[in-house]
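Data first, discussion second: the structure below is written as structure tokens.
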Amino acid sequence: MKKKTLRAILVTLGLLLIAFVVVLMGGSPANRAVVASTPAYETQSVDAQAENETIADSEVPLAAPQTIETVQLTVNPVQEAAPAAEEPVAQAPEANEPVSEEPVSEEPVSEEPVVVTSAAIRLLERANALLAQYNAYTTMAEKRALLEASNNSLGNDAIRTKLLADLGGSWEQLEAEVVAATEYQQGKTLHVQVYMSGISSGYVPVVYTTQNADRSGNQWATNLVYNDETATWMEYTQKHAYNDSRVGFYMTPLKDNEDGWEELKETMEESPVWQPVEVPAADEAPAGAEG
């Protein structure tokens, strides 16, 4: 108990001494700064700290409490930046005058040309296509195979036979409006045939008509020949010497005649016995239809 009492007395004296020093040095701001920056606890030993802890547990009164200056910090809350105001979009001033619209130019509609075809034109196309193949071959065997001929006689008859077979064995019938427009052929059923004018190295197909649908009957006499240059049927109107009928024109002079077709076209243009067949247009009314 004596040691404990003595230690308490010494600690009390030490505290009083520290308090005295603090009072002496608290007279000037500089001294206060020194005291504040250099606490007296740093001079104490580890044993003294242990003693202080022991004294704190006893009921021995300590020195008067020190006045501790407290600094009150004022924290200003950070305000969030207000969103930037959007600038109004400048609108273009409305035009007082009405906008004049340019007229849209309409492109002219191109009408497709009307393809005019007929029995004469179709037969000419077939004949020319076959002749192009025929002339392209160089050997007789090739030409014979093309025409499906039974022998090497590859003239007018062989070519006509091949064309007739490709048509199914019957020549195409002439249009009724052409027959009706003739002078002396009305009421007849005519079929379109073809004759090879010229020589074998340069055959020229010539279209004409007979009353025969195939190769039977008279194949060469005709009263209508088609001029492909003018797209016109020409009617042979030569009157019979003993009656009022019309004499037929024979196609055979065109055989093996290099200029036969050109000569015939000149004759049809100049001779009065050859007359063009004027077929009225589809939108034209026949004579005497009105009223």
Side-chain angles (χ1 to χ4, degrees), residues 1-118 121-122 124-126 128-130 132-133 135-138 142 145-146 166 168 281-283:
M1 294 297 293
K2 290 181 179 182
K3 289 181 179 181
K4 196 171 187 179
T5 303
L6 180 60
R7 183 180 296 175
I9 293 172
L10 291 176
V11 171
T12 302
L13 290 175
L15 292 174
L16 291 175
L17 181 60
I18 292 171
F20 178 75
V21 173
V22 170
V23 172
L24 290 178
M25 296 183 66
S28 64
N31 292 335
R32 287 195 300 270
V34 171
V35 173
S37 60
T38 309
Y41 299 104
E42 294 180 359
T43 59
Q44 296 180 3
S45 62
V46 176
D47 295 337
Q49 292 179 0
E51 291 176 358
N52 289 338
E53 293 176 357
T54 305
I55 293 173
D57 295 336
S58 64
E59 295 179 357
V60 178
L62 300 177
Q66 300 180 5
T67 303
I68 300 174
E69 295 181 1
T70 59
V71 178
Q72 184 176 1
L73 298 177
T74 303
V75 180
N76 294 325
V78 179
Q79 297 180 355
E80 295 182 357
E86 296 182 357
E87 296 182 359
V89 180
Q91 297 181 352
E94 297 181 357
N96 296 328
E97 297 181 358
V99 179
S100 59
E101 297 181 356
E102 297 182 358
V104 178
S105 58
E106 296 182 357
E107 297 182 357
V109 179
S110 59
E111 296 182 357
E112 296 183 358
V114 178
V115 179
V116 179
T117 185
S118 64
I121 294 175
R122 289 188 289 272
L124 278 174
E125 290 175 347
R126 283 179 174 271
N128 285 319
L130 180 61
Q133 292 180 285
N135 296 326
Y137 291 131
T138 57
E142 291 174 328
L146 172 65
D166 292 343
D283 55 351

* Structure fact -> Sequence neighbours excluded, the answer for side-chain contact (heavy atoms from CB on, under 4.5 Å) partners of Ile9 is Thr5, Leu13

* Structure fact -> Residues at least two apart in sequence or cross-chain that pass side-chain hydrogen bond (donor to acceptor under 3.5 Å, both in side chains) with Gln133, listed by chain then number, are none

* **Rounded distance [0.5 Å steps], CG in Leu10 versus CG in Leu15** =>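 Nearest 0.5 Å value for the CG-CG distance: 11.0 Å.
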
